[in-house]
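These notes are about the structure you will find just below.
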Amino acid sequence: MTILGGPRELGKRHREYKTASTDYDKVARALLRTLEEFLDDVLTPEIRQAWIAVYGEIAATMIEAAED
């Protein structure tokens with residue numbers, strides 16, 4: 001994916017901030033709660049799963065870059 005260069009750079013910066021891999025789970029939960037709160041009427045199970053997949057890919061890329 002062409003978008004992954006940005007998350008890789010973010011991951012490297014987050015290493016400097018001492019971000020733990022468990023912090024990404026906290027952000028995922030907060031993101032989903034926010035989406036549910038503001039998009040409740042249009043947040044279908046399919047859209048929710050898409051957000052989970054996209055965030056998961058970005059977080060995994062950031063974590064991998066931080067561990068390099």
Side-chain angles (χ1 to χ4, degrees):
M1 285 186 162
T2 58
I3 160 177
L4 296 181
R8 282 191 184 98
E9 291 304 313
L10 282 173
K12 291 174 186 176
R13 278 188 266 164
H14 279 68
R15 175 183 52 216
E16 296 171 17
Y17 307 147
K18 308 287 190 236
T19 302
S21 59
T22 56
D23 293 331
Y24 292 90
D25 293 334
K26 294 173 191 173
V27 171
R29 287 192 302 273
L31 172 63
L32 287 173
R33 278 191 228 137
T34 301
L35 291 170
E36 289 165 355
E37 181 178 340
F38 290 98
L39 301 176
D40 185 49
D41 53 340
V42 295
L43 189 65
T44 65
E46 294 82 13
I47 293 173
R48 187 177 192 281
Q49 279 306 118
W51 273 101
I52 291 169
V54 168
Y55 178 80
E57 183 71 25
I58 291 170
T61 301
M62 290 177 69
I63 291 167
E64 181 182 311
E67 292 174 351
D68 284 346

In short, Tyr24 meets Tyr55 closest at the heavy-atom pair O-OH, 2.8 Å
Atom pair OG1 (Thr61) and CD (Glu64), whose distance is rounded to the nearest 0.5 Å: 6.5 Å
Nearest 0.5 Å, please: how far is CG in Asp68 from CD1 in Ile63? 12.0 Å
dist Thr34:OG1 -> Leu31:CG (nearest 0.5 Å) comes out at 6.5 Å
Verify same cluster id: Val42, Trp51 (apolar side-chain graph, 4.5 Å): yes
Taking only Lys NZ, Arg NE, NH1 and NH2, and the carboxylate oxygens of Asp or Glu, determine whether Arg15 and Glu67 approach each other closer than 4.0 Å. no
For the residue pair His14 and Met62, establish whether any side-chain heavy-atom pair is separated by less than 4.5 Å. yes
Would you say the side chain of Arg48 lies within less than 4.5 Å of the side chain of Leu35, judging by non-hydrogen atoms? no
N/O donor-acceptor pair under 3.5 Å between Asp23 side chain and Ala20 backbone: yes
Heavy-atom closest contact (Ala65 atom, Lys12 atom, distance): O-CG, 4.0 Å
Hey, could you give me the CG/CG distance between Leu32 and Leu39, rounded to the nearest 0.5 Å? 11.0 Å
